[in-house]
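Quick note: numbers below take in every heavy atom, side chains included, and nothing from hydrogens, waters or symmetry partners.
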Amino acid sequence: EGEYVVINDVKTLPEDFEISEIKLLAGKPFSLEKTNKVITKIKLKLMNKGYKDAKVSYQLKKGILILKVVPGKKYEVESFS
């Protein structure tokens, strides 16, 4: 277990990526469990848009939680058989 850290701000890279759950982390103590839940929701959101290989990582620097989102290649279904 690490030191007690309150998340003062949450940022995403790229900055234009938005998901409402990100805001729920700000102002609260850092929780790996809650952070992982948000990461899972981001991956599901991207998967629903066709990015099945999306990668999301986090970094905590001086009370700022940075979520790095790498969507990867977009897949499209051309037909069902």
Side-chain angles (χ1 to χ4, degrees):
E1 204 173 303
E3 68 179 87
Y4 180 82
V5 177
V6 173
I7 299 171
N8 297 318
D9 194 13
V10 181
K11 297 183 179 187
T12 57
L13 296 175
E15 292 179 5
D16 61 348
F17 186 84
E18 292 184 20
I19 184 169
S20 58
E21 286 84 357
I22 290 173
K23 302 290 184 213
L24 299 175
L25 297 172
K28 301 205 170 71
F30 174 77
S31 163
L32 182 58
E33 181 181 350
K34 288 180 183 178
T35 301
N36 283 334
K37 283 182 182 180
V38 169
I39 287 172
T40 299
K41 286 183 181 187
I42 291 171
K43 287 180 178 180
L44 286 171
K45 180 179 179 178
L46 289 168
M47 189 178 292
N48 288 334
K49 291 183 175 188
Y51 298 96
K52 73 176 190 81
D53 300 323
K55 299 204 183 319
V56 183
S57 59
Y58 78 91
Q59 188 174 27
L60 188 59
K61 283 187 175 181
K62 298 180 182 178
I64 299 173
L65 180 64
I66 302 166
L67 297 169
K68 184 178 179 185
V69 180
V70 181
K73 180 181 175 185
K74 185 172 184 174
Y75 293 86
E76 294 183 22
V77 176
E78 293 181 13
S79 66
F80 289 102
S81 53

Rounded distance [0.5 Å steps], CD1 in I19 versus CG in L67: 9.5 Å
Is there a path of hydrophobic side-chain contacts, each under 4.5 Å between heavy atoms of I, L, V, M, F, W or Y residues, that connects F17 with L24? no
What's the shortest heavy-atom distance between A26 and N8, and which atoms? CB-O, 4.5 Å
Distance col, row T12:OG1 vs L65:CG, nearest 0.5 angstrom, shows 10.5 Å
Any chance you could measure Y58, atom OH, to L32, atom CG, to the nearest 0.5 Å? 4.5 Å
Could you check whether any side-chain N or O of K45 sits under 3.5 Å from a backbone N or O of E18, counting only pairs where one atom can act as donor and the other as acceptor? yes
In the single-linkage hydrophobic clustering (I, L, V, M, F, W, Y; side-chain heavy atoms under 4.5 Å), do L60 and I22 co-cluster? yes
Give me the atom names and distance for the closest heavy-atom approach of G72 to Y51. O-CD2, 3.4 Å
Closest approach of T35 to F30 (non-hydrogen atoms, all atoms of both residues): OG1-CE1, 3.4 Å
Separation between CD1 (I66) and NZ (K61), nearest 0.5 Å, reads 5.5 Å
Measure across V56 and I42 and return the closest heavy-atom pair with its distance rounded to 0.1 Å. CG2-CG2, 3.6 Å
Distance col, row K74:NZ vs E76:CD, nearest 0.5 angstrom, shows 5.5 Å
About how many Å separate NZ of K43 and CG of N48, when rounded to the nearest 0.5 Å? 14.5 Å
Could you pull out the closest heavy-atom pair between P14 and V69, with the gap in Å? CD-O, 3.4 Å
